[in-house]
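Shown next, in structure tokens, is the structure this report addresses.
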Amino acid sequence: MTHLGVNIDHIATLRQARMGVEPDPVYAAQIAEQNGADQITVHLREDRRHIQLRDVKLLREVVQTRLNLEMAPTEEMIAIAKSLQPDTVTLVPEKREELTTEGGLDLSNLQSQMAAIRDAGIELSVFIEPEPDQVKLAGRFGADAVEIHTGRYANLHRRDEIDAELRRLEKAGKMIRSGGMRAVAGHGLNYHNITALAALGIYVEFNIGHSIISRAVFSGLAEAVSTMKRLIGG
Ligand code: PXP
């Protein structure tokens, strides 16, 4: 069975636009779980631009599937992970000026940070490009899972380039599996590009956020407008 991790950061982005209380990502997590999500994924960024510490604390209490905390490999974040004990920590690169996570981690200097997560009894995943050297380092440094950054795949338009990138993702996924790790993929996946990737039958988990939340806006907009119309007596 392939698992779906639903990334709810964008719900928090909308809330932070008004610095208010709605929409609440905790409620979003419950709806996602009730509709088949196998995991809730959130990225607690250093600048707290969307998900807040309060969200992760509450999610730790209410999530009934699995909580996957994406975070930079910093001392502050490792301390938070140790205290909150998410089911999985996914180490990701983080730059303040980026709009979203650009590229994967270079694991070469992250052995001690990776060990700190595992020593805390938390499942460890690392977010990397589909590069054989990085997959090898993930295995050598004790990762339980590897999440492959699918951003390049998602941004391609030409059929031949998409096919070549799919082969690269297939190769990386097979390497992850033969290293005894879980093969995970995410970033930029949507209702179109997921099909060919899922059909490889290699990745056992996908973490998807932007396209699911974008679709939710439109699948809910008709009801939202008609309810307001009724309330104003129109
Ligand atoms: N996986 C990781 C490690 C990410 O950093 C992100 C983006 O926060 C995602 C998955 C989800 O990407 P998207 O929002 O493009 O689906």
Side-chain angles (χ1 to χ4, degrees), residues 2-14 16 23 25 28-29 32 37-52 55-56 59 65-74 77 81 86-107 110 113-114 117 122-131 134-135 138 143-156 165 169 172-173 176 181-195 197-198 203-217:
T2 311
H3 285 170
L4 175 63
V6 177
N7 181 313
I8 54 172
D9 293 350
H10 288 289
I11 301 288
T13 299
L14 196 52
Q16 295 312 106
D38 302 291
Q39 167 167 282
I40 301 301
T41 295
V42 287
H43 184 175
L44 184 64
R45 294 185 76 101
E46 186 193 19
D47 63 10
R48 306 291 195 269
R49 70 173 70 156
H50 41 54
I51 291 291
Q52 306 296 305
D55 301 326
V56 190
L59 288 166
T65 54
R66 294 180 64 80
L67 179 63
N68 173 27
L69 177 62
E70 295 176 1
M71 54 175 244
T74 61
M77 289 309 308
D87 297 289
T88 304
V89 158
T90 301
L91 293 178
V92 299
E94 201 174 294
K95 293 192 219 96
R96 266 187 183 261
E97 61 279 14
E98 69 192 357
L99 289 178
T100 181
T101 315
E102 291 166 3
L105 278 173
D106 176 3
L107 300 180
L110 292 178
Q113 293 90 331
M114 289 171 68
I117 299 299
I122 303 168
E123 186 192 61
L124 172 67
S125 180
V126 287
F127 191 44
I128 61 173
E129 296 290 327
E131 286 166 10
Q134 293 297 327
V135 176
D144 301 292
V146 171
E147 179 167 343
I148 292 292
H149 195 308
T150 48
R152 185 180 139 72
Y153 166 68
N155 284 331
L156 291 172
E165 188 64 13
L169 293 169
I176 295 165
M181 298 173 283
R182 270 189 324 112
V184 179
H187 205 96
L189 298 176
N190 60 33
Y191 293 82
H192 303 287
N193 61 29
I194 190 65
T195 322
L197 188 58
Y203 289 92
V204 295
E205 177 187 310
F206 296 103
N207 285 302
I208 306 179
H210 191 262
S211 68
I212 291 178
I213 304 306
S214 301
R215 188 180 175 109
V217 169

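A quick note: this is a predicted structure, and the numbers were derived from the prediction, not measured. What's counted below: heavy atoms across the whole structure, side chains too, no hydrogens, waters or symmetry copies. Residue numbers start at 1 and run along the sequence shown. Start at 1 and go down the list; that is how both ligands and their atoms are numbered.
- Annotation: atom 15 (O) of ligand 1 to nearest protein heavy atom, G188 N, 2.8 Å.
- Within 6.0 Å of CZ in R48 there are more than 12 heavy atoms belonging to other residues, nucleotides or ligands.
- Remark: ligand 1 atoms within the under-4.0 Å shell around heavy atoms of I208 are 16 (O).
- Side chains of T41 and N68: a donor-acceptor N/O pair is present below 3.5 angstrom, by distance only.
- Closest protein heavy atom to atom 16 (O) of ligand 1: G209 N, 2.8 Å.
- Note that CE of M114 is 7.0 Å distant from CG of L91, once rounded to the nearest 0.5 Å.
- The protein heavy-atom contact nearest to atom 14 (O) of ligand 1 is H210 N, 2.9 Å.
- Given atom 7 (C) of ligand 1, the protein heavy atom at minimum distance is H187 ND1, 3.7 Å.
- When heavy-atom distances to ligand 1 are checked against a 4.0 Å cut-off, V92 comes that close only through its side chain, counted from C-beta outward.
- A distance of 4.5 Å separates CD1 of I148 from CD1 of I128, quoted to the nearest 0.5 Å.
- Taking the six-membered ring wherever Trp is involved, the centroid distance between the rings of H50 and H10 does not fall below 6.0 Å.
- Under the 3.5 Å distance criterion, with hydrogens and angles disregarded, a donor-acceptor pair is assigned to the side chains of N207 and E205.
- Of the protein's non-hydrogen atoms, the one nearest atom 2 (C) of ligand 1 is E70 OE2, 3.0 Å.
- The protein non-hydrogen atom at the shortest distance from atom 1 (N) of ligand 1 is E147 OE2, 2.5 Å.
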